[in-house]
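Heads up: numbering here begins at 1 and tracks the sequence. Order of listing sets the numbers, starting from 1, for every ligand and every atom in it. Note that the structure is a prediction, hence the values are computed from the model and not measured. Worth knowing before you read on, the calculation uses all heavy atoms, side chains too, and leaves out hydrogens, waters and symmetry mates.
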Amino acid sequence: MGKNSRRLYGRALSVLAGGVNSSVRAEPSPYPFFVEKGEGGDIVDADGNRYTDYVMGYGPLLLGHDLPERVEGAVQSEVARGPMYGAPTEVEVELAEFVADHVESVETLRFVNSGTEATVSAVRLARGYTGRDKMVVMEGGYHGAQESTLVERDGETTVPSTSGIPSEFAEHTLTVPFNDDEAVERVFEEHGEDIAGILVEPILGNNGVVRPVEGYHGTLRRLCDEHGALLVFDEVITGFRVGGLGCAQSVLEVTPDLTTFGKIVGGGFPVGAVGGPSDIVEEFTPTGDVFQSGTFSGHPVTMTAGLETLRYAKDEGVYDRVNSLADRLRSGMTDVLEDYAPEYTVVGVDSIFKTVFTRETPEELDTACDSGCEQRQDCSRYGVCPKDAGDIDDTETERWKRLYWTEMLDEGVFLTPNQFECQFVSYAHDEEDIDETLAAYERVLSSL
Ligand SMILES: *Cc1c(COP(=O)(O)O)cnc(C)c1O
């Protein structure tokens with residue numbers, strides 16, 4: 001950090017709420033660094049400091065900061081034709097075809113402008129399609145800044161988790177802990193006839209990274225089928241990240257009714273989408289009765305960036321590369337923790353990673369997952385690794401933030417600034433970045 005970021009933050013505090021346009025960006029203390037530019041896997045701040053970037057825009061930047069020539073060229077020629085029109089374009093159809101070809105549960109889509117808008121629209125669609133009001137969500141699941149899901153459990157009821165939301169909204173949302181079969185069974189026993197759907201991140205990606213225990217999504221699928229509710233996978237963060245072009249649903253072997261997308265599918269530009277079988281998605285207006293509309297939806301520049309990014313990923317073996325780099329990172333981190341902090345858990349999958357400051361040391365480590373917690377029942381960590389949002393909440397956030405995060409930044413490594421949001425390896429990183437990060441990780445962990 002330095003004087004230019006300090007000065008920019010001072011100006012920002014006068015004209016932007018809290019100095020930022022998304023709350024989490026204000027979190028680093030005493031002030032955030034302002035970004036000058038991205039370069040490959042790095043970002044450079046306003047004072048010329050360079051960091052290896054694993055925040056990657058909080059998810060959208062699969063390819064890193066430099067778009068490959070082919071992607072950048074396509075985006076630039078789209079911009080040159082004029083930014084947008086308010087009439088349909090071919091590229092919207094092409095991106096929809098690409099997604100429908102690669103994600104098995106998706107036949108028809110509606111593009112929107114953010115992950116939040118996607119989940120808002122999916123919830124409205126589920127309610128409209130089923131004629132029911134209640135949605136089931138997971139504690140610690142994140143579905144953007146929307147009224148129906150910014151909720152928390154308060155004893156037997158659900159209440160808004162932020163001011164500005166009438167409690168009546170929260171009454172239509174039922175919260176259950178992730179990975180808890182009995183809790184969700186109970187909710188369906190009690191409210192089954194009123195439940196429009198379950199909205200769930202297939203892997204909790206905004207809460208430390210928690211993978212499902214074996215059979216959990218099968219339980220959700222069965223309950224939805226038995227009660228005529230829709231299973232909605234929020235793949236805004238996992239989509240085109242976990243499971244490659246098939247998304248997380250392709251590796252979890254559960255077929256949702258609806259899927260929400262965002263982040264990567266827009267290639268770094270604002271995007272969201274809802275996809276599923278035609279007979280459900282066609283319930284959106286103009287064919288159906290569920291109103292959905294947007295001035296910028298299907299924006300040609302975004303659609304081009306998304307399409308060319310995904311085509312590039314397919315043609316160039318991007319997933320093999322990013323996943324193996326992240327594997328190297330997670331395994332290295334696991335080795336470091338074994339020496340210095342065996343109570344901590346490395347979590348993550350494919351190109352996602354995080355260290356969770358869990359508190360209990362398992363009795364032995366030999367049979368533990370060696371590249372990120374997989375929720376294997378025969379793993380020696382199984383009893384102590386995080387299973388739900390409550391487990392993540394119990395981890396030590398002050399030590400994470402003030403010591404670990406700050407010292408990693410001092411080492412030139414930019415991580416998400418709290419225990420919750422996950423981190424990403426990009427196609428622009430290389431083995432050298434990973435090994436330097438591991439060396440920094442060892443220096444920091446050995447002194448925590
Ligand atoms: C990021 C995210 C959202 C919100 O997307 P925005 O584009 O920030 O509105 C919703 N759901 C999940 C799972 C996310 O990770």
Side-chain angles (χ1 to χ4, degrees), residues 20-27 54-62 103 110-126 135-151 161-162 173 175 178 197-212 217 220 231-243 247-249 252 256 258-275 292 294 296-299 302-303 305-306 347-354 389 392 416-424:
V20 289
N21 283 307
S22 190
S23 328
V24 73
R25 292 179 207 161
E27 244 181 69
Y54 295 110
V55 176
M56 283 295 158
Y58 286 90
L61 305 180
L62 176 66
V103 186
R110 170 64 54 86
F111 284 106
V112 294
N113 305 290
S114 69
T116 297
E117 209 182 321
T119 65
V120 167
S121 303
V123 166
R124 190 182 306 138
L125 183 61
M135 288 300 295
V136 176
V137 300
M138 304 295 140
E139 287 167 23
Y142 181 66
H143 307 290
Q146 74 138 309
E147 263 63 6
S148 292
T149 61
L150 286 175
V151 297
S161 59
T162 166
T173 308
T175 47
F178 192 61
I198 302 177
L199 176 61
V200 57
E201 292 176 76
I203 292 165
L204 295 187
N206 295 278
N207 211 297
V209 192
V210 181
R211 289 168 69 164
H217 287 305
L220 301 184
L231 179 60
V232 186
F233 269 8
D234 182 354
E235 293 230 42
V236 170
I237 210 160
T238 52
F240 305 104
R241 164 89 53 199
V242 176
C247 304
Q249 53 196 264
L252 294 171
L258 290 174
T259 304
T260 54
F261 301 96
K263 298 191 173 132
I264 290 176
V265 82
F269 292 82
V271 79
V274 183
Q292 206 294 316
F296 292 107
S297 295
H299 196 288
T302 300
M303 297 292 105
V347 293
V349 54
D350 288 355
S351 53
I352 299 178
F353 71 98
K354 190 91 182 176
I392 298 292
T416 50
N418 61 48
Q419 187 74 97
F420 304 108
E421 275 98 353
C422 59
Q423 302 154 167
F424 311 93

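Each of T119, D234, T149 was scored for a side chain to side chain donor-acceptor pair (under 3.5 Å) with H143, with one residue passing: D234. When the options C247, P60, S351 are evaluated for a side-chain contact (heavy atoms from CB on, under 4.5 Å) with R241, the one that passes is S351.
G115 N, 3.4 Å is the protein heavy atom nearest to atom 6 (P) of ligand 1. Among protein heavy atoms, atom 12 (C) of ligand 1 sits closest to Y142 O, 3.3 Å. Nearest protein neighbour of atom 3 (C) of ligand 1, counting heavy atoms only, is V236 CG1, 3.7 Å. Of the protein's heavy atoms, D234 OD2, 2.7 Å lies nearest to atom 11 (N) of ligand 1. Among protein heavy atoms, atom 8 (O) of ligand 1 sits closest to T116 OG1, 4.4 Å.
Contact annotation: E235 has no heavy atom less than 4.0 Å from any atom of ligand 1.
Residue E201 has at least one heavy-atom neighbour below 4.0 Å for each of these atoms of ligand 1: 13 (C). Within ligand 1, the atoms closer than 4.0 Å to a non-hydrogen atom of S114 are 7 (O), 9 (O), numbered from 1 in the order shown.
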K354 and T416: CA distance, side-chain angles, deciding distance, side-chain contact (heavy atoms from CB on, under 4.5 Å) verdict: CA-CA 9 Å; K354 190 91 182 176; T416 50; 2.7 Å; yes
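Looking only at atom types and distance, the side chain of R110 has a donor-acceptor partner in the side chain of Q292 under 3.5 Å away.
Using a distance-only test at 3.5 Å, with no hydrogens or angles considered, a donor-acceptor pair links the side chain of S114 to the main chain of E117. No donor-acceptor pair under 3.5 Å is formed between the side chain of Q419 and the backbone N or O of I392.
Using a 4.0 Å cut-off between heavy atoms, K263 contacts ligand 1 through its side chain alone, with no backbone atom that close.
Residue H143 has no N or O atom closer than 3.5 Å to an N or O atom of ligand 1. Looking at ligand 1, you'll find an N or O of N206 within less than 3.5 Å of one of its N or O atoms.
The closest side-chain heavy-atom distance from S148 to M135 is not below 4.5 Å.
A centroid separation of 6.0 Å or more is found between the aromatic rings of Y142 and F420.
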